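Single-structure report; data block below.
Quantities reported herein were computed from a predicted structural model and do not represent experimental measurements.
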Amino acid sequence: MTDSVAYLRTPAAIRERAGLVLGHVENGQSPWFALDAAGLEAAVQATLAVTRKRFRDPSKIPFHSRWRHFEAGGRDRWAALAERMKDLPKEEVARRRIDLAVVSVLLDAGAGGLWSYREAATGKSFMRSEGLAVASFNMFANGAFSRDSKNDPLRVDAERLARLTPNELAMGFQVRGHNSLLGLEGRAGLLRKLGSVGLERPGALFDLLASGPEVKAERILAVLLDKLQAIWPSRLELDGVPLGDVWRHPTVGLVPFHKLSQWMSYSLVEPLEGAGLKVVELDALTGLPEYRNGGLLVDSGALRPKQKLLLEKVFAPGDEAIVEWRALTVALLDRVAEHVRVHLRMDAASLPLVKVLEAGTWFAGRALAAERRKDGSPPIAVESDGTVF
């Protein structure tokens, strides 16, 4: 791997390149966005309002991760599965939790406003990220990703993923003509590629990370980007290496995000800590540049669109406006987190960025979207292929 590719895989590069885009906008050079300090404070206040409503004691805020979505509807689904694994060593439980988290995160791109999932066990229906989480969780619990679904269902095996069809995924996600899911082919393709990266199972990542009592968060991301690089669609390449979630900005150049890989990194923290490891330096990872966090900044007025077109057109992920929006989201989430800590009289050690996201910015973005648009859609529309947002 060349130094340039290695650099683009680091959280430092994500922040540095996002900072360059922020400077581009602050200097008034962007045809798409302007910054508004009053709007940024509105984003902070919206985040604080949601935080105080959800958590009376901010010291109890959990990590932002896929595990929160598995608790949709107030049900602790993992506890029931953990009971079925109580005789397994803690390391094997961690591998199986990683099996589940990796697959579920890869299925967690924008679902669109037309799709929902009805859970048979509760009779409740869930949409968007929660629906995708509950659907993938129940597929896992029913052995849909295991090579031996009858005798050993609670695992994910590469040989099974390699044969997974879009139709099987559609059945598990209850996709029908009136219940369409965006990016179904892309999601199934990601899982099939996951089955061919050379890992017997996603849970094998545990053994690559568990080399000592502590694991740096940046190390989790590095391992994921190394081992899973082959699953991403071939977009940009550098020195013959596909870059994944990295995009070109006409002024700044290459801008990395690695959104799903960072979301996955955050979602591996609890499995690793459950096995007795300590994950450190979580704030090295960045905020997630997806449409709820980004939508918060637009709907609050922190980012002011310079053109009506921005709110009317459907954009592709590689369009300049979307690359800017995502980069600004990364840069401004750090600022929002700093302001939230000041208001709550906490520091980065007690309220790291990953907890601000959970408390937080993601829910505030959703709340503002619901206030401003009947369908709760993000303010800017992006075509989803199931591999970016």
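Using a 4.5 Å heavy-atom threshold, the side chains of Val102 and Arg97 count as separate. The closest side-chain heavy-atom distance from Thr51 to Val356 is not below 4.5 Å. Val279 is not listed as a side-chain neighbour of Glu270, based on a closest heavy-atom distance of 4.5 Å or more. Within the 4.5 Å cutoff, the side chain of Leu243 has no heavy atoms near those of the Arg235 side chain. Contact check for Val156 versus Ser146: no side-chain heavy atoms found under the 4.5 Å cut-off. Contact annotation: the side chain of Arg9 approaches that of Gln229 to within less than 4.5 Å [non-hydrogen atoms, C-beta and beyond]. Looking only at side-chain heavy atoms (C-beta outward), Glu41 and Gln45 come within less than 4.5 Å of each other. Proximity of Thr47 to Leu296: side-chain heavy atoms (C-beta onward) are separated by under 4.5 Å at one or more points.
Residue Arg163 places its CZ atom among more than 12 non-hydrogen atoms of other residues, nucleotides or ligands, all under 6.0 Å distant. Within 6.0 Å of the NZ atom in Lys53, the count of heavy atoms belonging to other residues, nucleotides or ligands does not exceed 12. The 12-atom threshold is exceeded at NZ of Lys306, counting heavy atoms of other residues, nucleotides or ligands nearer than 6.0 Å.
Annotation for Pro58 and Leu344: closest pair CB-CD1, 4.3 Å, computed over non-hydrogen atoms. Closest approach of Leu285 and Leu353 over heavy atoms only: O-CD2, 3.9 Å. In plain terms, the two heavy atoms of Ala348 and Asp283 that are nearest each other are CB-OD2, 3.7 Å. Looking at every heavy atom in both residues, Ser180 comes nearest to Leu114 through OG-CD1, 3.7 Å. In this structure, Ala101 and Ser267 approach most closely via the heavy-atom pair CB-O, 4.0 Å.
Not counting sequence neighbours, the partners of Trp32 by the ring pair (Phe, Tyr, Trp, His ring centres under 6.0 Å) test are Phe315. Checked against side chain to side chain contact (heavy atoms under 4.5 Å, CB included), Ala12 has the following partners two or more places apart in sequence or in another chain: Thr10, Glu16. Looking at residues two or more places apart in sequence or on another chain, you find a side chain to side chain contact (heavy atoms under 4.5 Å, CB included) between Pro166 and Glu185, Ala188, Arg192. Contacts of Phe63 classified as ring pair (Phe, Tyr, Trp, His ring centres under 6.0 Å), with partners at least two apart in sequence or in another chain: none.
Inspection of the Asn293 and Thr361 side chains reveals an N or O donor paired with an N or O acceptor under 3.5 Å. Between the side chains of Ser261 and Asp245, no donor-acceptor pair is found at a separation under 3.5 Å. A donor atom on one side chain and an acceptor atom on the other are found under 3.5 Å apart for Glu324 and Ser30. Between Thr165 and Asn167, the side chains place no donor N or O within less than 3.5 Å of an acceptor N or O (distance only, hydrogens not considered). In the model, Asp239 has a side-chain atom that pairs as donor or acceptor with a side-chain atom of Thr2 under 3.5 Å.
Within the structure, the salt bridge (charged side-chain N to carboxylate O under 4.0 Å, His left out) test picks out the following pairs touching residues 138-150 (sequence neighbours left out): Arg147-Asp157, Arg147-Glu159, Arg147-Glu200. Identified under the ring pair (Phe, Tyr, Trp, His ring centres under 6.0 Å) test for residues 74-114, with sequence neighbours left out: Trp67-Trp78. Within the structure, every pair that satisfies the salt bridge (charged side-chain N to carboxylate O under 4.0 Å, His left out) test and touches residues 371-382, not counting sequence neighbours, is listed here: Asp299-Arg373.
Taking 4.0 Å as the cut-off between side-chain N and carboxylate O, Asp347 and Arg341 do not count as a salt-bridged pair. By the 4.0 Å N-to-carboxylate-O rule, Arg96 lies close enough to Glu92 to be salt-bridged with it. Between Asp99 and Arg201 there is a salt bridge, since a side-chain N of the basic residue sits under 4.0 Å from a carboxylate O of the acidic one. The pair Arg54-Glu358 counts as a salt bridge, with a side-chain nitrogen and a carboxylate oxygen less than 4.0 angstrom apart. A salt bridge does not link Arg68 to Glu130: none of the charged nitrogens lies less than 4.0 Å from a carboxylate oxygen.
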Sequence neighbours excluded and cut-off under 3.5 Å, please list the side-chain donor-acceptor pairs for residues 205-225, or say none.
residue: Asp207; atom: OD1; partner: Arg95; partner atom: NH2; Å: 2.9
residue: Asp207; atom: OD2; partner: Arg95; partner atom: NE; Å: 3.0
residue: Arg219; atom: NH2; partner: Leu208; partner atom: O; Å: 3.4

Could you list the donor-acceptor pairs under 3.5 angstrom formed by side chains in residues 135-144, with sequence neighbours left out?
residue: Ser136; atom: OG; partner: Ser104; partner atom: OG; Å: 2.7
residue: Ser136; atom: OG; partner: Leu132; partner atom: O; Å: 2.9
residue: Ser136; atom: OG; partner: Ala133; partner atom: O; Å: 3.0
residue: Asn138; atom: ND2; partner: Tyr117; partner atom: OH; Å: 3.3
residue: Asn138; atom: ND2; partner: Glu119; partner atom: OE2; Å: 3.3
residue: Asn138; atom: ND2; partner: Val134; partner atom: O; Å: 3.2
residue: Asn142; atom: ND2; partner: Asn138; partner atom: O; Å: 3.0

Tabulate below the donor-acceptor pairs under 3.5 Å that side-chain atoms of residues 171-178 make, not counting sequence neighbours, or state none.
residue: Gln174; atom: OE1; partner: Arg118; partner atom: N; Å: 2.8
residue: Gln174; atom: NE2; partner: Arg118; partner atom: O; Å: 2.8
residue: Arg176; atom: NH1; partner: Gln174; partner atom: O; Å: 3.1

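A distance-only check finds no donor-acceptor pair linking the side chain of Trp115 to the backbone of Arg128 [under 3.5 Å]. Of the possible polar contacts, one joining the Arg17 side chain to the Val252 backbone as a donor-acceptor pair under 3.5 Å is found. Gln262 contributes a side-chain N or O that, together with a main-chain N or O of Phe257, makes up a donor-acceptor pair within less than 3.5 Å.
The CG atom of Leu328 sits 10.0 Å away from atom CZ of Arg335, with the distance rounded to the nearest 0.5 Å. Leu303 contributes atom CG, which lies 8.5 Å from atom CG of Leu40 (distance to the nearest 0.5 angstrom). One distance of note links CD1 of Ile231 with CG of Leu190; it measures 5.0 Å at 0.5 Å rounding. To the nearest 0.5 angstrom, Leu288 atom CG is 10.5 Å from Thr329 atom OG1.
Ring-plane geometry between His64 and His69 is classed as perpendicular, the angle between the planes exceeding 60 degrees on a 0 to 90 degree scale with a lower cut at 30.
Taking the ring axis of Phe145 as reference, the NZ or CZ atom of Arg160 does not stay both within 45° of it and closer than 6.0 Å to the ring centre.
The hydrophobic cluster containing Phe363 also includes Val50, Trp362, under a criterion of side-chain heavy atoms closer than 4.5 Å among ILVMFWY residues, counted directly or through chains of members. Using a 4.5 Å cut-off between side-chain heavy atoms of Ile, Leu, Val, Met, Phe, Trp and Tyr, Val280 forms no hydrophobic cluster with any other residue.
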